[in-house]
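In what follows, a structure is listed as structure tokens, so that the remarks can point back to it.
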Amino acid sequence: MTDIFSRLEADHNKHRKLLAAIAETTGDSQDRRRLFEEFRVEVTAHANAEEQALYAEMLSMPELQDKGRHSVAEHKQLDDLIAELDEMDFGSTGWLNRFKTLAHDYEHHIDEEEEEIFPPAKKALGPAKAKALMAVFEQRKPAEIEKAE
């Protein structure tokens, strides 16, 4: 990985796989709980580190502020959905329906980041800044994982 964008996309691919694995589980199983917890910790840490690295920088640039604000707002909505699911009965139909909403919304969010937000940010930031922001993300994510656990 050479910059913040390739690093974030690698995480997104991991998250897509976790969502698919969770969707394959049934009932209130150990697998469902373990995979969902892994997803919760990973996505929470990813979003927080992403905000501290990439989005903090984007919010300081007038031409990228709106895109940055949009993504940060979506992070909050997704965080609320994850918290809601964490409190629900993992074996209920309601849990599965909310999980499908979360999976749809999260996949939309990361697709939007990759297709509509990262390209203009990559252009505006340039290669040196994008590489430096990857270092910030790599430094922040372990602390955010610890906090999320």
Side-chain angles (χ1 to χ4, degrees), residues 1-60 64-122 125 130-149:
M1 289 172 271
T2 58
D3 65 21
I4 184 80
F5 304 104
S6 58
R7 178 63 182 86
L8 295 173
E9 287 180 20
D11 271 12
H12 291 171
N13 290 334
K14 179 180 181 178
H15 302 163
R16 287 179 178 103
K17 288 177 184 166
L18 282 168
L19 287 170
I22 295 166
E24 295 294 316
T25 64
T26 56
D28 188 357
S29 66
Q30 274 190 299
D31 279 347
R32 179 175 280 178
R33 286 186 173 273
R34 178 183 54 78
L35 289 166
F36 183 75
E37 179 63 7
E38 183 180 347
F39 177 80
R40 184 193 66 75
V41 169
E42 173 64 28
V43 168
T44 300
H46 168 91
N48 289 342
E50 182 180 48
E51 287 176 15
Q52 293 164 26
L54 178 62
Y55 289 119
E57 190 68 28
M58 287 177 64
L59 291 171
S60 75
L64 297 174
Q65 279 180 355
D66 287 344
K67 289 184 182 304
R69 282 191 194 111
H70 176 77
S71 279
V72 170
E74 284 188 351
H75 285 177
K76 172 66 173 119
Q77 292 167 346
L78 292 162
D79 190 46
D80 290 347
L81 262 176
I82 290 169
E84 183 182 335
L85 278 161
D86 206 27
E87 297 296 319
M88 293 176 76
D89 173 359
F90 276 59
S92 71
T93 306
W95 190 93
L96 188 57
N97 287 335
R98 288 307 278 164
F99 172 74
K100 287 177 182 176
T101 298
L102 170 67
H104 174 270
D105 290 357
Y106 187 71
E107 287 175 347
H108 168 80
H109 170 72
I110 60 180
D111 288 345
E112 184 177 63
E113 280 185 329
E114 291 172 2
E115 295 165 15
E116 298 174 26
I117 294 173
F118 293 175
K122 188 173 192 171
L125 294 169
K131 187 173 184 174
L133 291 176
M134 182 176 76
V136 173
F137 180 84
E138 292 288 4
Q139 187 266 328
R140 288 301 314 144
K141 190 170 177 195
E144 292 300 331
I145 287 173
E146 196 172 301
K147 199 165 81 174
E149 290 175 333

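Keep in mind that the numbers below use all heavy atoms, side chains included, and drop hydrogens, waters and symmetry copies.
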| query | Which residues pass the side-chain hydrogen bond (donor to acceptor under 3.5 Å, both in side chains) test with N97, sequence neighbours left out? | reply | none
| request: Applying side-chain hydrogen bond (donor to acceptor under 3.5 Å, both in side chains), name anything that partners R16, two or more places apart in sequence or on another chain. | output: N13, D111, E114
| message | Tell me every residue that passes ring-ring contact (aromatic ring centres under 6.0 Å, His included) with H109, counting only those two or more places apart in sequence or in another chain. | response | H75
Of the non-hydrogen atoms in [X] and [Y], which two are nearest, and what is the gap between them?
X	Y	result
L59	G68	CD2-C, 3.9 Å
W95	L85	NE1-O, 3.1 Å
S71	Y55	OG-OH, 3.1 Å
F5	A130	CE1-CB, 3.8 Å
D3	S6	OD1-N, 2.9 Å

| request: Could you check R140 against N48 for side chain to side chain contact (heavy atoms under 4.5 Å, CB included), going step by step and ending with a plain yes or no? | output: CA-CA 8 Å; R140 288 301 314 144; N48 289 342; over 6 Å; no
| For F90, does its backbone N or O pair with a side-chain atom of R32 as donor and acceptor, under 3.5 Å? | yes
| field | Close aromatic pair by centroid cut-off 6.0 Å: F39 and F99 | value | no
| Of H46, E42, E50, which is the lone residue that meets side chain to side chain donor-acceptor pair (under 3.5 Å) with K141? | E42
